[in-house]
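Since the structure is predicted, the reported quantities are computational estimates derived from the model, not experimental observations. The sequence lines fix the lettering, A, B, ..., with proteins before strands; numbering per chain opens at 1.
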Number of protein chains: 2
Amino acid sequence: MKISTKGRYALTIMRHLGRSYHEGGYLSLTEISEREKISLKYLEKIMISLKKADFFEVQKGKDGGYKLKVDPKDITIGSIIRAAEEELDIVDCVKSGGCPNKNNCGTYPLWKGLSDEINDYLDSKTLKEYL
Amino acid sequence: MKISTKGRYALTIMRHLGRSYHEGGYLSLTEISEREKISLKYLEKIMISLKKADFFEVQKGKDGGYKLKVDPKDITIGSIIRAAEEELDIVDCVKSGGCPNKNNCGTYPLWKGLSDEINDYLDSKTLKEYL
DNA sequence: GTAATTCCTACTAATTTAGTAGTAAAATAG
DNA sequence: CTATTTTACTACTAAATTAGTAGGAATTAC
């Protein structure tokens, strides 16, 4: 049971963006790629997932990049990880539409409880706390 | 981020063993395999991991199998899952000897906190509660 | 001694995660 | 207006992990 590098790199991206939040300019993936020595192509791919969450404004072309449009104090770590990992559920049965037998399953409450625990924890932390 | 079938099947095995705890006899994997429609060979493999935890007495040969030597009320779900999954750590950096830079890492406390949260939750539940 | 069982070693298949490649489209500086 | 920089899109490959299978040796009850 692991948080994938995708999730961890997503947080890395968000931390860079978070740190430049008050400066106002755009930060490009090229820049983050160089600072972190992570391939630009891989960051681009992670960004595709991350964009679902609608955290940023995008500017193409020279001096372009991304900037946060939400204050880091209002972005939870959970929302970042969920966007990046597509699936943050500990077992398939807890996702919506998951198990048709959940009301009759001896272990469903266990996995549901764990899943809630994880999500609550990650939602209790904000990006600001980890800049 | 998922609990693997290995972990879930390990719990399935332990639930069967837990339910027959007070009868005292041995329960074979063949029997569990038939009840649950899970391949015997796969259950055997999972049992190899599970045995590390020293939960049972083993009897080879006819009418043999496994029986718990620890009361289900004293077995935590965490101890089962950790035995089965080899690695219950959310990121590599939290395992012992993990990251050499942990004291200087901006996100180590996040992952460590999450990891502790998960383990504490699973250790707060006993097998008895899920028979 | 035979049937049922665990124990041991090795292998294969399937799935997921990680990472790369190439190009198109947009935006801007100059 | 054009060269450059950047995101956006599509498709692929490689590596690692997870899931599952196969065959037989050792042990035990009857």
Side-chain angles (χ1 to χ4, degrees), chain A residues 1-13 16-17 20 25-52 54-69 81 84-92, chain B residues 1-13 16-17 20 25-52 54-69 81 84-92:
Chain A
M1 191 176 54
K2 284 261 157 47
I3 291 281
S4 64
T5 69
K6 199 172 176 188
R8 287 186 292 113
Y9 285 175
L11 181 54
T12 299
I13 292 172
H16 279 282
L17 255 20
S20 68
Y26 290 99
L27 182 61
S28 72
L29 292 185
T30 308
E31 177 67 26
I32 297 174
S33 163
E34 281 163 7
R35 288 189 204 161
E36 296 286 341
K37 313 291 183 211
I38 300 170
S39 113
L40 174 60
K41 285 295 185 186
Y42 196 29
L43 291 184
E44 284 176 352
K45 185 174 169 178
I46 291 165
M47 209 60 186
I48 291 172
S49 306
L50 218 34
K51 274 192 307 182
K52 292 196 316 289
D54 203 30
F55 293 133
F56 8 75
E57 276 162 16
V58 184
Q59 175 73 18
K60 286 185 181 177
K62 199 160 192 179
D63 291 321
Y66 302 89
K67 72 177 173 190
L68 293 182
K69 64 182 177 189
I81 303 295
E85 302 253 328
E86 318 290 324
E87 207 47 84
L88 221 190
D89 291 317
I90 229 67
V91 285
D92 286 335
Chain B
M1 192 172 59
K2 285 261 156 42
I3 292 280
S4 63
T5 70
K6 199 173 176 187
R8 286 186 291 113
Y9 286 174
L11 180 55
T12 297
I13 292 171
H16 280 282
L17 255 21
S20 68
Y26 290 98
L27 181 62
S28 73
L29 292 186
T30 308
E31 177 66 26
I32 296 175
S33 162
E34 281 163 7
R35 288 189 205 161
E36 295 287 342
K37 314 291 180 211
I38 300 169
S39 116
L40 173 62
K41 285 297 185 185
Y42 195 29
L43 290 184
E44 283 178 351
K45 185 174 170 179
I46 290 165
M47 209 59 186
I48 293 172
S49 305
L50 218 34
K51 275 193 306 184
K52 291 197 316 286
D54 202 31
F55 293 133
F56 8 75
E57 275 162 16
V58 184
Q59 175 72 17
K60 285 185 183 177
K62 197 159 191 181
D63 293 324
Y66 301 89
K67 72 177 172 193
L68 293 183
K69 64 181 179 191
I81 303 296
E85 301 253 331
E86 317 291 324
E87 206 47 85
L88 220 190
D89 291 319
I90 228 67
V91 285
D92 286 335

Nucleotide of [options] approaching [X] most closely (side-chain heavy atoms):
| X | options | value |
| --- | --- | --- |
| Lys45(A) | dG20(D), dC7(C), dA18(C) | dA18(C) |
| Lys60(B) | dT6(C), dT7(D), dG22(C) | dT6(C) |
| Gln59(B) | dT7(D), dA18(C), dT28(D) | dT28(D) |

Value in whole Å for how far the [atom2] atom of [N] lies from [atom1] of [X]:
| X | N | atom1 | atom2 | answer |
| --- | --- | --- | --- | --- |
| Ile3(B) | dT15(C) | CD1 | P | 20 Å |
| Glu34(B) | dA4(C) | CD | C1' | 12 Å |
| Ile48(A) | dA24(C) | CD1 | C1' | 14 Å |
| Leu40(A) | dT20(C) | CG | C1' | 11 Å |
| Glu57(A) | dT6(D) | CD | P | 18 Å |
| Glu85(B) | dT18(D) | CD | P | 8 Å |
| Lys41(A) | dA14(D) | NZ | P | 18 Å |
| Tyr42(B) | dT9(C) | OH | P | 20 Å |

Are [X] and [N] close enough that a side-chain N or O sits under 4.0 Å from OP1 or OP2?
| X | N | result |
| --- | --- | --- |
| Lys51(B) | dT6(C) | no |
| Thr5(A) | dG19(C) | yes |
| Ser4(B) | dA19(D) | yes |
| Tyr66(A) | dA8(D) | yes |
| Ser39(A) | dG19(C) | no |

> Is Lys62(B) side chain donor-acceptor paired with the dG1(C) base, going by distance under 3.5 Å alone?
Replying inline: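 Donor-acceptor pair under 3.5 Å: no.
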
> Hey, is the side chain of Lys6(A) pairing donor to acceptor with the base of dG19(C) inside 3.5 Å?
Replying inline: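 There is none.
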
> Once you round to the nearest 0.5 Å, how far does CD of Glu85(B) lie from CD1 of Ile46(B)?
Replying inline: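 It comes to 10.0 Å.
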
>> Test your reading of the model: is there a side-chain donor-acceptor pair from Glu57(A) to the backbone of Leu68(A), 3.5 Å cut-off?
In response: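 Not a single qualifying donor-acceptor pair exists.
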
Does a side chain donor of either [X] or [Y] reach within less than 3.5 Å of an acceptor in the other side chain?
| X | Y | value |
| --- | --- | --- |
| Thr5(B) | Tyr42(B) | yes |
| Lys6(A) | Ser49(A) | yes |
| His16(A) | Glu36(A) | yes |

>> On DNA chain C, compare the nucleotides closest to Arg8(A) and Met47(B); which residue's is nearer the 5' end?
In response: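 Looking at DNA chain C, the more 5' nearest nucleotide goes with Met47(B).
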
> For DNA chain D, whose closest nucleotide is more 5', that of Gly7(B) or that of Gly61(B)?
Replying inline: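 Closer to the 5' end of DNA chain D: Gly7(B).
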
